[in-house]
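Numbering of ligands and ligand atoms starts at 1, following listing order. These values consider heavy atoms only, across backbone and side chains, with no hydrogens, waters or symmetry-generated copies.
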Amino acid sequence: MDAIESSKVAEAATFVQQNAAGPAPRVGLVLGSGLGALADELSQLRRLPYASIPHHPTSSVAGHAGNLCLGELGGVRVACMQGRVHAYEGHALGRVVFGVRLLAELGCGVVLLSNAAGGIAERLYAGSLMRIDDHINLMGDSPLRGPSARGPRFPDMSRAYDAEVAEACALAARDVGVELLSGVYAGLLGPSYETPAEIRMLATLGADAVGMSTVPEVIALRQMGVRVGAVSCITNLAAGRSPEPLSHTEVEATAARVKADFVRLFTAWVQRVGGVA
Ligand code: HPA
């Protein structure tokens, strides 16, 4: 992040601190397509629309509300991004990660991300929850491209997804009786869904699920030294695995169906991570 972007994030953080009184958040959450309902579970909820926060980009995608929500979840202070912006909306990746940089600036030492994704691996079905254990960046760009005023120039990605946070996710899933699978997430630019040939290519490359987000955010968070965990909600079988055409309507409908399990898993995960954050 260059010095100008860094001062924009600092200005946004000052605004949030002035407009949402209370102790600093320790765990950050990023809620993907159709998964924003978790924010309604916060107690002492303070909701700040992205449009009100200086320099914060805003999303145009259905199912992405666009609020920063501060409050408590399971007794842990959290800052929760209800909706995110994507590269395919036209934002440079450096802008796409503004929200997670703000979470770090506010004090979050751990960030848990979620997304909607297509299932490539045979064991994944529409409605399953997949912990992301690693990713493949196929966006052709990096949020770290450009001058770097803070953090390492060449950050290590060999353990991008924190082992302890991942273990906490498995334990949380057991706590609440939710089935949790795990795998590798490939991040593509979109916004068109993939062709069946592209899905066969991604399977060969080692990807289990595919989506259009998360990867830039994880890269930026790791560069800032924030510990990361992530879960994909598999909203559909990837292209070519089902005779049905893919649609955002299906993505939102499956996310709505999985919502209750997702909320229970993330609440239990935050509680467990709150102990180590
Ligand atoms: N491909 C890419 N992104 C997605 C998909 C998919 O099948 N489902 C939800 N987001």
A.B. asks: Output the list of atoms in ligand 1 that are nearer than 4.0 Å to some heavy atom of V251, sorted by atom number.
C.D. replies: 8 (N), 9 (C)

A.B. asks: Using modelled atom types and a 3.5 Å cut-off, is there a donor and acceptor pairing between side-chain atoms of D208 and backbone atoms of V184?
C.D. replies: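 Checked: pair present.
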
A.B. asks: Assess whether a salt bridge exists between D2 and K8, defined as any Lys/Arg side-chain N lying under 4.0 Å from an Asp/Glu carboxylate O.
C.D. replies: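 Result for this pair is no, no salt bridge flagged.
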
A.B. asks: Starting from atom 2 (C) of ligand 1, which protein heavy atom do you reach first, and at what distance in Å?
C.D. replies: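 The closest heavy atom on the protein side is E194 OE2, 3.2 Å.
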
A.B. asks: May I ask you to list the atoms of ligand 1 that are less than 4.0 angstrom from any heavy atom of A116?
C.D. replies: 9 (C), 10 (N)

A.B. asks: Does Y193, backbone or side chain, put an N or O under 3.5 Å from an N or O of ligand 1?
C.D. replies: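 No - when backbone and side-chain N and O of Y193 are compared with those of ligand 1, no distance drops under 3.5 Å.
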
A.B. asks: Below 30° counts as parallel, above 60° as perpendicular, anything between as tilted: where do the rings of F266 and W269 land?
C.D. replies: perpendicular

A.B. asks: Pair L68, L103 - check side chain to side chain contact (heavy atoms under 4.5 Å, CB included), show working.
C.D. replies: CA-CA 9 Å; L68 180 65; L103 296 181; 4.0 Å; yes

A.B. asks: Is a side-chain donor or acceptor of Y50 paired with a backbone partner of G83 at a separation under 3.5 angstrom?
C.D. replies: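 Such a contact is found between Y50 side chain and G83 backbone.
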
A.B. asks: Looking at N19, is its backbone amide N or carbonyl O close enough to the side chain of R46 to form a donor-acceptor pair, meaning the two atoms are under 3.5 Å apart?
C.D. replies: yes

A.B. asks: Has S7 got a side-chain atom pairing as donor or acceptor with I4's backbone, closer than 3.5 angstrom?
C.D. replies: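 The answer is yes, because a donor-acceptor pair under 3.5 Å joins these two groups.
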
A.B. asks: Under 4.0 Å from ligand 1, counting heavy atoms only, is it the side chain of A239, its backbone, both or neither?
C.D. replies: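 Neither part.
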
A.B. asks: Considering the heavy atoms of M212, write down every atom of ligand 1 situated less than 4.0 Å from one of them.
C.D. replies: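 Near M212, meaning under 4.0 Å from one of its heavy atoms, ligand 1 has 2 (C), 3 (N).
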
A.B. asks: Is it true that atom CZ of R159 has more than 12 heavy atoms of other residues, nucleotides or ligands lying nearer than 6.0 Å?
C.D. replies: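 Atom CZ in R159 is not crowded, with 12 or fewer foreign heavy atoms closer than 6.0 Å.
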
A.B. asks: Is the contact between V210 and ligand 1 made by the side chain, the backbone, both, or neither, using heavy atoms and a 4.0 Å cut-off?
C.D. replies: both

A.B. asks: Give the numbers and elements of all ligand 1 atoms closer than 4.0 Å to a heavy atom of T235.
C.D. replies: 8 (N), 9 (C)

A.B. asks: At less than 4.0 angstrom from any non-hydrogen atom of A117, what atoms of ligand 1 do you find?
C.D. replies: 5 (C), 8 (N), 9 (C), 10 (N)

A.B. asks: What atoms of ligand 1 come within less than 4.0 Å of a heavy atom belonging to L246?
C.D. replies: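 Contacts of ligand 1 toward L246, numbered from 1: 7 (O).
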
A.B. asks: List the closest protein heavy-atom neighbour of atom 5 (C) of ligand 1: residue, atom name, distance to the nearest 0.1 Å.
C.D. replies: G118 N, 3.4 Å

A.B. asks: Using a strict cut-off of 4.0 Å, indicate which atoms of ligand 1 neighbour a heavy atom of N236.
C.D. replies: 5 (C), 6 (C), 7 (O), 8 (N), 9 (C)

A.B. asks: For atom 3 (N) of ligand 1, find the nearest protein heavy atom and state the residue, atom name and distance (0.1 Å precision).
C.D. replies: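 Here the closest protein heavy atom is G211 CA, 3.4 Å.
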
A.B. asks: Under 6.0 Å from the ring centre and within 45 degrees of the ring axis: does the NZ or CZ of R95 meet both conditions for the six-membered ring of F98?
C.D. replies: yes

